[in-house]
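Written out below as structure tokens is the structure these notes cover.
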Protein chains: 2
Amino acid sequence: MNTTSSRGAGTRPEGAPRRRADAERNIAAILDAAAGCLGRQPQVSMADVARAAGVGRVTLYAHFPSREVLLEAVLDRTIAQAGAVIEQSQPDEGPADDALRRLLRSSWQVLDRHLRLFDVAQRELGPARLREHHDPAISRIEHLLARGQKEKTFRTDLPLNWLVTCVYTLLHAAADDVNNGRLAQKKAGHVLEATILSALAVPPNGSQRRAG
Amino acid sequence: MNTTSSRGAGTRPEGAPRRRADAERNIAAILDAAAGCLGRQPQVSMADVARAAGVGRVTLYAHFPSREVLLEAVLDRTIAQAGAVIEQSQPDEGPADDALRRLLRSSWQVLDRHLRLFDVAQRELGPARLREHHDPAISRIEHLLARGQKEKTFRTDLPLNWLVTCVYTLLHAAADDVNNGRLAQKKAGHVLEATILSALAVPPNGSQRRAG
DNA sequence: CTTAACTCGAACACCAATGTACGAGTTAAG
DNA sequence: CTTAACTCGTACATTGGTGTTCGAGTTAAG
């Protein structure tokens, strides 16, 4: 028991001896680095994360005894962040389409990082473990879209599930295009908003086939 | 030089001694298996592919000396398939939106497999090698969307690149939802069509903000 | 200043995947 | 039927990631 007392590092048990300041700092740096790396490239190694955090590989393992544990910690943190940001945009206030606009404008970037991480977690932790975390961000958007359908602001000819998929998917795509220089960062917000709202809008009468 | 004469297996050089029938059969089985596996799970091992093809691992390596070579072979084959299917829907005939409808109806499933494979290839072969293959399928869709913009059938307030991204992305998402049981196979075609055409349609006047 | 917490590099065991070598057995083709 | 092509299992070398151990050095905290 040399390198730290191998505590979980995620949430310190109140009873145990307090953690030192530099340890706390390193843990934060690791979580930041991990969130960044995993967002960019899903298969980053622990060594990569450690390097990105400016920390020895051993130190990383001291705080997070396995890749799995690290992943869960990062996941928890990101879920909390995303949840907070979403809540800030007051998704329950006013017309659903306005609320969605606010939400997209304020936080599509944060949400994208969230989605990417979710993707990794789904693959490496399995869908079961994912569900245990009960993601408020994801259900938030679903809730908003459901409200929009109920108020006839959003189309009802397509299932709610699919609308959710569309929002996530396009969000993700926009962030991807920005990352690869196919879409200007500045325009992304507007483009995304225009596309999603068109996709979700109640379609005009003659749109089932060509207008007869 | 025991196991086969280690020829490329992709395209046989006309001068060399002809290939035996069972070899040809195995190569086909391997390509099928690889295409299937890679579509479902990007990180399948060579051993997995061999097993799926009902072939020894050594035999696999006899025909495709490395994972890279196999990947390129599968890629070539899939590109050819997708190209043919797309061409069949006559994307240059009639109004652009009708053409797109035909294209989606007839081949969104094939196209999705194509996209998944492209994803793996991008990661493992790098973007450079990808461009060498000069994918006709991808440029086909881009061409169709460009035509639609020129004819004012599709919206012009968003860049062409982004429209392309939308089509690919939603295609992919629909296939994914079907795979995970979130969307009924039967409904997928219609749902996809309705969503994409809404997203691409020329927006009504007051849609920049709320209709003032 | 003393101590316990913390960090670090180096070295190790372990595992899974890739790719190679061999030798014996099968099978298509002439 | 003879031959060359082909297949297969086993075994091996290599690589790259994971997780652990050790021992010595550094640093926060009292």
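First the proteins, then the strands, lettered A, B, ... as listed; each starts at 1.
Distance, Leu60(B) CG to dA17(C) P: 14 Å, rounded to whole Å. Atom CD of Glu24(A) is separated from atom P of dA29(D) by 10 Å (rounded to the nearest Å). Look at OH on Tyr61(A): it is 5 Å from C1' on dG19(D), rounded to the nearest Å. Nucleotide dG17(D) holds its C1' atom 15 Å from the CG atom of Leu71(A), rounded to whole Å. In this structure, the CD1 atom of Ile27(A) is 15 Å from the C1' atom of dA28(D), given to the nearest Å. Atom C1' of nucleotide dG19(D) and atom CD of Glu68(A) are separated by 13 Å, given to the nearest angstrom. Following rounding to the nearest Å, Asp22(A) (CG) and dG25(D) (C1') show an atom-to-atom distance of 14 Å. Summarising the geometry, the separation between CZ on Arg19(A) and C1' on dA28(D) is reported as 15 Å, rounded to the nearest angstrom.
Listed pair His63(A) / dT7(C) meets the phosphate criterion, a side-chain N or O lying under 4.0 Å from OP1 or OP2. For dT7(D), one of the phosphate oxygens OP1 or OP2 lies less than 4.0 angstrom from a side-chain nitrogen or oxygen of Asn26(B). Of the side-chain N and O atoms in Arg20(A), none sit less than 4.0 angstrom from OP1 or OP2 of dA29(D).
dC14(C) is paired with dG17(D) under the Watson-Crick or G-U wobble criterion, all donor-acceptor distances under 3.5 Å. Within the shown strands, dT2(D) is the pairing partner of dA29(C) under the Watson-Crick or G-U definition, both distances less than 3.5 Å.
If Arg25(B) and Asp48(B) are placed on DNA chain C by their nearest nucleotide, the residue sitting closer to the 5' end is Asp48(B). Between Ser66(B) and Ala21(B), the residue whose closest nucleotide on DNA chain C is further toward the 5' end is Ser66(B).
Between the side chain of Arg57(B) and the base of dG19(C), at least one donor-acceptor pair of N or O atoms lies under 3.5 Å.
Picking from dC8(C), dC22(C), dT18(C) the nucleotide with the shortest atom distance to the side chain of Val58(B) gives dC22(C).
Thr195(B) OG1 to Trp162(A) CH2: the interatomic distance, rounded to the nearest 0.5 Å, is 5.0 Å.
With respect to Arg25(A) and Asp22(A), no salt bridge is recorded, no charged nitrogen being found less than 4.0 Å from a carboxylate O. Taking a cutoff of 4.0 Å between a charged side-chain nitrogen and a carboxylate oxygen, Arg102(B) and Asp98(B) do not qualify as a salt bridge.
Using a distance-only test at 3.5 Å, with no hydrogens or angles considered, no donor-acceptor pair links the side chain of Asn180(A) to the main chain of Arg182(A). For Arg67(A) (side chain) and Ser45(A) (main-chain N/O), no donor-acceptor pair under 3.5 Å exists by modelled atom type.
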